[in-house]
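Here is the structure we will look at, set down as structure tokens.
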Amino acid sequence: MIEIEGVRKSFGALDVLRGVDLGVAKGEVVSVIGGSGSGKSTLLTCINGLEPIQAGRIAVDGTEVHARGTDLNRLRRKVGIVFQQWNAFPHLTVLENVTLAPRKVLGLSRAEAEAEAIRQLTHVGLADKLSVYPSRLSGGQQQRMAIARALAMQPSVMLFDEVTSALDPQLVGEVLDTLKLLASEGMTMICVTHEMAFARDVSHRVAFFHQGVIAEIGPPEQIFGAPANPETRKFLSNVR
Amino acid sequence: MLGTALTLNDLLFLGRGALVTIAVTVIAVLGGTLLGVAFGVLRAHANRWLLLPLVFLLDVFRSVPLLIQLILGNAFQAVAGWGWSPFATSCVILSLYTSAYATEIVRGAIEAVPQTTRRAARSLGLTWRQDMASIVFPMGLRVALPSWIGLTLGVMKDSALVLWLGIIELLRASQILITRLQEPLFILTVAGAIYFALSFPIARLGARLERRWREDD
């Protein structure tokens with residue numbers, strides 16, 4: 001579903017990604033862990049074409065992301081992304097937040113878009129907040145709305161960029177439950193996360209990022225049980 | 001009438017002057033805002049070196065006193081042989097003057113929309129235009145409104161300067177009456193009251209919109 005080969009990315013003199021290889025199969029959940037500034041989040045913004053890359057290739061569902069002539073707006077319909085900051089559109093109600101892109105980008109009618117939005121909002125537990133403005137929601141609710149907003153585009157892949165990092169601790173659980181639900185339904189997901197328990201319980205594979213490369217990747221039992229790389233061991237002993 | 005020589009006809013004369021003030025203001029604010037939106041979008045997105053000439057020109061319009069702009073502009077159009085009426089000349093100069101301020105208001109409003117919000121919109125597949133139309137303009141409008149109301153009220157008062165091109169707007173009309181009736185305080189009070197009556201609804205409308213938007217979000 002996602003093929004990443006030899007991807008290099010730098011911001012000026014700063015090399016953020018230094019040759020990343022990763023393949024994600026359909027229905028697979030890959031968690032990406034690692035220290036701050038290791039390039040985890042940058043990789044996600046490269047996958048949906050928000051950032052250009054300097055070398056290598058990324059393909060999503062057969063589409064070359066950084067090829068000349070690739071319609072990025074078309075690609076982004078297939079790749080949902082949710083950020084650390086939930087980025088609600090403050091001037092729109094919850095329902096309007098979720099129906100905006102399906103109506104503008106997919107060209108759905110209002111009735112079709114609303115039916116789908118209500119389905120997704122029910123899915124994330126916000127069915128009773130349809131006509132509320134985002135400022136009346138808690139951070140966890142806003143983040144779940146952002147997830148519903150991305151899901152309403154019927155993506156084939158979902159990318160999650162530290163979606164619980166900006167939340168109050170007591171709100172983290174509700175968002176992680178939503179992610180677990182999606183994983184159990186077979187959504188293809190890459191989750192950049194600091195929630196080690198989540199990475200261990202939900203993912204099929206865990207990738208440890210260090211200094212712009214994937215230093216170690218494997219099933220959670222390997223990464224958390226018997227990490228081969230000394231940097232992985234060091235990182236895990238620090239976060240526990 | 002109240003122990004004054006001011007007749008109903010004189011009041012109608014003031015009223016006609018007020019209509020001219022309204023016409024000049026509406027045209028200048030409309031034209032200036034349209035130009036300001038176009039320039040402001042450019043200012044917020046295009047390369048700053050490419051925009052240097054535009055920025056310089058707008059700085060000139062903001063820095064040189066309006067009176068000088070009106071007189072020079074009028075002389076220029078006469079020399080160039082365009083044959084514009086004083087009213088047309090006034091509207092064009094005032095529009096440019098307004099656009100210089102409106103550009104900065106629009107640029108500020110666009111830049112007040114967080115990059116991360118725009119990024120989220122683009123990542124949903126919205127094009128640049130759709131992002132501008134559905135996210136940036138509605139969010140920016142809430143930021144821009146108070147300054148824009150202020151600009152409109154300012155332009156209405158500044159529009160009095162077009163009397164130097166021989167246009168009889170509200171202030172000029174009151175001066176004519178003062179010369180004839182020699183009742184400066186009373187007539188200026190009436191003229192001031194008319195200016196207030198024109199401005200007040202605009203200020204109230206602005207306050208009302210702000211309140212409604214605050215209740216929204």
Side-chain angles (χ1 to χ4, degrees), chain A residues 41 44-51 71-94 96-107 131-137 142-143 145-155 157-159 161 166, chain B residues 33 36-37 40-41 44-49 102 105-149 205-217:
Chain A
S41 300
L44 294 192
T45 49
C46 291
I47 294 175
N48 84 342
L50 280 172
E51 293 285 355
D71 183 346
L72 285 177
N73 295 319
R74 184 172 285 274
L75 168 84
R76 286 173 190 151
R77 298 177 199 175
K78 289 194 284 191
V79 184
I81 185 164
V82 181
F83 299 96
Q84 179 175 354
Q85 285 297 338
W86 35 87
N87 299 316
F89 305 137
H91 59 296
L92 300 177
T93 63
V94 168
E96 289 164 345
N97 260 271
V98 180
T99 55
L100 177 72
R103 291 181 66 191
K104 299 277 175 195
V105 180
L106 303 180
S131 57
V132 170
Y133 283 89
S135 58
R136 301 274 167 85
L137 299 181
Q142 292 200 45
Q143 191 59 293
M145 182 195 79
I147 294 172
R149 192 169 67 180
L151 288 174
M153 293 296 286
Q154 314 281 359
V157 176
M158 282 291 287
L159 311 175
D161 184 7
Chain B
T33 303
V37 168
V41 169
H45 294 95
N47 182 294
R48 54 190 288 253
W49 296 107
I105 294 175
V106 171
R107 181 181 65 93
I110 290 174
E111 286 172 358
V113 178
Q115 274 301 321
T116 52
T117 307
R118 301 189 63 177
R119 197 163 240 244
R122 294 305 300 277
S123 73
L124 287 167
L126 264 66
T127 62
W128 185 85
R129 270 166 191 270
Q130 289 170 329
D131 169 43
M132 289 302 283
S134 305
I135 307 296
V136 179
F137 278 132
M139 282 179 75
L141 193 60
R142 289 150 166 76
V143 178
L145 185 80
S147 325
W148 184 83
I149 294 284
L205 176 73
R208 194 148 140 198
L209 280 175
E210 269 183 70
R211 208 169 37 242
R212 204 168 77 196
W213 285 337
R214 233 194 337 267
E215 280 165 12
D216 275 5
D217 42 49

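Labels below follow one simple rule: chain letters A, B, ... track the order of the sequence lines, proteins then strands, and each chain is numbered from 1. This one's a predicted model, so the numbers in the text were calculated from it and none came from an experiment.
Taken to the nearest 0.5 Å, the CG atom of B:Leu126 stands 8.0 Å off from the NZ atom of A:Lys104. Distance check: B:Ser123 OG to A:Ile81 CD1 gives 6.0 Å after rounding to the nearest 0.5 Å.
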Sequence neighbours excluded and cut-off under 3.5 Å, please list the side-chain donor-acceptor pairs for residues 112-119 of chain B, or say none.
residue  : atom : partner  : partner atom : Å
B:Thr116 : OG1  : A:Asn87  : OD1          : 3.0
B:Arg118 : NE   : B:Asp131 : OD2          : 3.1
B:Arg118 : NH1  : B:His45  : NE2          : 3.2
B:Arg118 : NH2  : B:His45  : NE2          : 3.2
B:Arg118 : NH2  : B:Asp131 : OD2          : 3.3
B:Arg119 : NH2  : A:Glu51  : OE2          : 2.8

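Interface residue A:Ala88: only backbone heavy atoms are found under 4.5 Å from chain B. Interface remark: A:Arg149 contributes backbone and side-chain atoms alike to the contact with chain B (heavy atom separation under 4.5 Å). Heavy-atom distances place no part of B:Ala133 under 4.5 Å from chain A, backbone and side chain included. A:Thr45 touches chain B through its side chain: at least one heavy atom from C-beta onward sits under 4.5 Å away, while N, CA, C and O do not.
Residues forming a side-chain contact (heavy atoms from CB on, under 4.5 Å) with A:Ala166 (at least two apart in sequence, or on another chain): A:Gln84, A:Gln85, A:Trp86.
Note: A:Leu50 leads A:Leu50, A:Leu92, A:Leu72, A:Val132 in heavy-atom pairs under 4.5 Å with chain B.
Annotation for B:Pro138 and A:His91: closest pair CB-CD2, 3.3 Å, computed over non-hydrogen atoms.
In this structure, B:Ile135 and A:Leu100 have side chains that are in contact, with non-hydrogen atoms separated by less than 4.5 Å.
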